[in-house]
There are 2 protein chains.
Amino acid sequence: MMPDSIARFRRFARAVTAEIGALDSSFLGRGRPLGAARVVNAIGAGRADVAEIRAYLGLDSGLMSRLLRSLEEEGLVATEPHPEDARRRVVRLTDAGQREFLAYEDISDARASTLLARSPRADALLRAMDLVALTLGRDRIAIEEADPRGETARACLEAYYAELARRLESGFDVKRSRDPEARAMVRPRGTFLLAVADGLPVGCVGLKGSGGPIAEVKRLWIDPAARGFGLARRLMQAVEAVARDLSVAVLRLDTSSALPEALALYRTSGWVEVARFNDDPYPDHFFEKAL
Amino acid sequence: MMPDSIARFRRFARAVTAEIGALDSSFLGRGRPLGAARVVNAIGAGRADVAEIRAYLGLDSGLMSRLLRSLEEEGLVATEPHPEDARRRVVRLTDAGQREFLAYEDISDARASTLLARSPRADALLRAMDLVALTLGRDRIAIEEADPRGETARACLEAYYAELARRLESGFDVKRSRDPEARAMVRPRGTFLLAVADGLPVGCVGLKGSGGPIAEVKRLWIDPAARGFGLARRLMQAVEAVARDLSVAVLRLDTSSALPEALALYRTSGWVEVARFNDDPYPDHFFEKAL
DNA sequence: TAAATTGCCTGACTAAAGTCAGCTATTATG
DNA sequence: CATAATAGCTGACTTTAGTCAGGCAATTTA
């Protein structure tokens with residue numbers, strides 16, 4: 001490791017602590033101690049189980065309980081027993097609580113946007129932040145099914161097309177390629193999977209089926225900031241699992257020698273190179289895998 | 001601004017808060033509250049004035065005083081009156097305090113190196129961290145004089161040469177260029193200035209003098225992660241101030257059209273393009289400025 | 001040189017965070 | 001079905017952080 005890499009890391013930690021500490025204290029100023037504000041935000045972020053919130057915030061059970069009581073007194077949250085296990089409790093925000101949560105969100109958003117506006121190269125800064133955030137949070141990246149026509153999926157596909165255009169010598173035009181009909185990538189014929197980090201998409205893959213025994217893997221893409229974590233392999237494993245679930249017997253895919261990482265991945269995960277099986281102008285390598 | 005840029009910023013803040021919060025709490029576990037540990041670290045980092053530490057840590061005067069008393073009782077610090085103003089006090093670490101400080105340093109270093117080791121592309125991660133740290137800490141970048149033969153200066157010069165080699169079509173070989181003798185960049189003949197962010201160099205510029213009325217500006221370089229903050233302009237202003245101080249009447253410099261940012265800077269800050277004044281093979285533009 | 005200011009200290013206080021033992025209700029287990 | 005385990009709650013407590021008024025000694029200013 002470079003001799004000053006630890007110094008550089010620690011400079012980063014210092015710079016960020018100052019800024020992020022301020023970000024934390026911006027949760028104050030609404031007449032509520034930090035602990036209570038953090039609970040409101042955890043619930044607003046979708047955490048409902050008391051134990052889950054406690055684990056997330058690292059709180060003692062007694063302290064947690066007291067914070068919830070004080071938020072209840074304020075009329076911000078309501079708790080009720082868990083429907084399946086009456087020992088556990090679920091918390092939700094009341095309307096007033098929701099408003100308070102949104103006020104906190106506004107504070108955070110405003111802070112973020114001020115800091116970004118100060119940056120001379122906000123795009124480069126964001127890419128750098130993505131890389132840091134994804135590296136630190138790589139274990140929290142989840143794979144989930146999504147509608148390929150949805151907004152999130154379309155953003156991934158746009159990024160995929162843009163990258164192909166950059167990397168293929170001939171450029172890339174979706175219309176000239178065999179653009180899979182979106183319905184072929186929706187159950188029961190196929191699927192579309194997203195890799196999601198903290199609510200933002202960082203990768204995707206499609207399974208284009210016809211209802212028959214052969215299906216095709218399409219649109220494998222990983223955000224540059226999320227490369228190197230084995231995410232492509234995870235997506236491929238997930239898409240193969242769905243294919244098996246849909247009783248697909250043989251998977252196919254086409255790819256290009258302009259994408260050497262993809263070629264290497266297929267070759268080391270059970271895919272066999274076969275003869276060209278379509279007349280799409282872009283691919284020059286074709287693979288098959290029996291399930 | 002892109003619609004999801006705020007979401008990306010906040011994902012970064014979340015990821016980093018979790019990690020950095022842990023970094024902070026790693027200051028615990030040595031039987032001492034966080035406040036006291038932070039004071040030990042501030043002193044270990046070279047802060048000696050009580051008021052300075054107080055300002056840095058944002059502490060109330062009463063609290064600060066109490067923290068110092070408790071550290072004195074532990075035998076970690078010793079305070080004495082300031083030699084020039086007996087109202088002020090200076091603090092230093094005792095031997096035991098120094099040991100304790102180093103123990104904290106070891107904890108932080110170990111943490112940094114664990115996180116870096118987990119990263120598949122530590123170099124890219126560090127560059128990203130540099131960019132974030134420098135953007136957040138841009139107001140703390142200081143310009144200071146240094147010996148061009150020192151380790152830090154040499155690291156900057158190496159980076160400068162490497163960048164020239166990348167950007168000049170013909171490549172770059174220091175030996176073929178008029179490598180200024182280091183002594184010509186030391187007072188009283190010249191100077192060498194470093195831009196320093198949190199102890200790490202992020203830019204440099206040299207003033208090569210002969211003792212006569214003409215001196216030359218050389219080796220202007222800015223770390224890619226620190227570009228866009230107007231640092232080059234600050235360095236040039238600083239080097240001009242030193243030149244005036246050394247009674248230089250006319251400044252000269254040569255540069256290359258492969259460095260358009262540099263050309264633009266000189267053209268917008270009072271430099272006048274003149275005819276070639278040396279036979280160095282690399283430069284193709286020559287400037288002069290009367291002081 | 002008297003008055004104001006500065007830098008740090010002390011005592012008395014509050015708020016917030018965190019700990020711990022014991023309680024109740026519910027669910028799982030032999 | 002008795003017992004153990006689990007989830008959350010309550011009361012009593014400690015620690016840490018932070019605030020504020022006043023005090024003292026040194027220094028600056030009028």
Side-chain angles (χ1 to χ4, degrees), chain A residues 17-18 21-22 24-43 47-74 76-92 104, chain B residues 17 21-22 24-43 47-74 76-92 100 104:
Chain A
T17 311
D24 236 36
S25 69
S26 75
F27 278 156
L28 302 168
R30 289 191 68 78
R32 194 171 296 111
L34 188 57
R38 299 215 304 153
V39 172
V40 169
N41 280 280
I43 302 170
R47 271 164 257 264
D49 240 77
V50 170
E52 189 192 353
I53 299 170
R54 236 177 51 198
Y56 172 64
L57 298 176
L59 296 176
D60 170 89
S61 134
L63 182 50
M64 177 77 219
S65 187
R66 251 177 285 274
L67 288 172
L68 282 178
R69 287 304 82 66
S70 85
L71 289 172
E72 263 179 345
E73 262 174 51
E74 272 196 271
L76 301 185
V77 308
T79 64
E80 43 201 77
H82 193 285
E84 283 164 25
D85 180 345
R87 289 169 304 182
R88 289 154 68 193
R89 313 212 78 190
V90 288
V91 200
R92 59 178 182 75
Y104 282 123
Chain B
T17 311
D24 237 35
S25 68
S26 74
F27 278 157
L28 303 168
R30 291 192 66 79
R32 194 170 297 111
L34 188 57
R38 298 215 305 154
V39 171
V40 169
N41 280 281
I43 303 169
R47 270 164 256 264
D49 241 77
V50 169
E52 189 191 355
I53 300 170
R54 235 176 52 197
Y56 172 65
L57 297 176
L59 296 176
D60 170 87
S61 135
L63 181 50
M64 176 78 217
S65 187
R66 251 177 285 275
L67 287 172
L68 282 178
R69 286 306 80 66
S70 83
L71 289 173
E72 264 178 345
E73 263 175 52
E74 270 196 272
L76 300 185
V77 308
T79 64
E80 44 201 78
H82 192 285
E84 283 165 25
D85 181 346
R87 290 170 303 181
R88 289 154 68 194
R89 313 213 78 191
V90 287
V91 201
R92 59 175 182 77
E100 202 57 24
Y104 283 123

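Scope of the values below: all heavy atoms of this structure, side chains included, with no hydrogens, waters or symmetry mates. Naming convention: chains lettered A, B, ... in sequence-line order (proteins, then strands); numbering from 1 in each chain. Just so you know, these numbers come straight off a predicted model, no measurement behind them.
- Of the side-chain N and O atoms in B:Arg89, one or more sit less than 4.0 angstrom from OP1 or OP2 of C:dC9.
- Toward the 5′ end of DNA chain C lies the nearest nucleotide of A:Leu34, the other residue of the pair A:Leu34 and A:Pro83 mapping further downstream.
- Residues B:Tyr104 and B:Arg38 have side chains that never bring a donor and an acceptor to within less than 3.5 angstrom of each other.
- Remark: A:Arg89 does not engage A:Glu80 in a salt bridge, criterion side-chain N to carboxylate O under 4.0 Å.
- For B:Asp60 (side chain) and B:Leu63 (main-chain N/O), a donor-acceptor pair under 3.5 Å exists by modelled atom type.
- Rounded to a whole Å, the CZ atom of B:Arg32 is 16 Å from the P atom of D:dT15.
- Atom P of nucleotide C:dC9 and atom CG of B:Leu71 are separated by 12 Å, given to the nearest angstrom.
- Relative to the side chain of B:Arg87, the nucleotides C:dA25, D:dG8, C:dT5 differ in distance, and C:dT5 lies closest.
- Within the structure, every side-chain polar atom (N or O) of B:Arg88 is placed at least 4.0 Å from both OP1 and OP2 of D:dA26.
- If you check distances only, the side chain of A:Arg66 does reach the base of C:dT19 with a donor-acceptor pair under 3.5 Å.
- Listed by residue number, A:Leu59, A:Asp60, A:Leu63 are the residues of residues 53-65 of chain A with a heavy-atom contact under 4.0 Å to DNA chain C.
- Side-chain atoms of B:Ser70 come within 3.5 Å of backbone atoms of B:Leu67 as a donor-acceptor pair (strictly under, hydrogens ignored).
- Nucleotide C:dG7 holds its P atom 19 Å from the CD atom of B:Glu80, rounded to whole Å.
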For side chain to side chain contact (heavy atoms under 4.5 Å, CB included), just list the numbers for B:Leu71 and B:Val40, CA-CA rounded to whole Å, side-chain angles, deciding distance to a tenth of an Å, and then say yes or no.
CA-CA 8 Å; B:Leu71 289 173; B:Val40 169; 3.7 Å; yes
Could you please spell out the steps behind the side chain to side chain contact (heavy atoms under 4.5 Å, CB included) verdict for B:Arg69 and B:Thr79?
CA-CA 9 Å; B:Arg69 286 306 80 66; B:Thr79 64; 4.2 Å; yes
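- Judged by closest nucleotide on DNA chain C, B:Arg69 is the one of A:Glu84 and B:Arg69 placed further toward the 5' end.
- In this structure, the CG atom of A:Leu67 is 16 Å from the P atom of C:dA15, given to the nearest Å.
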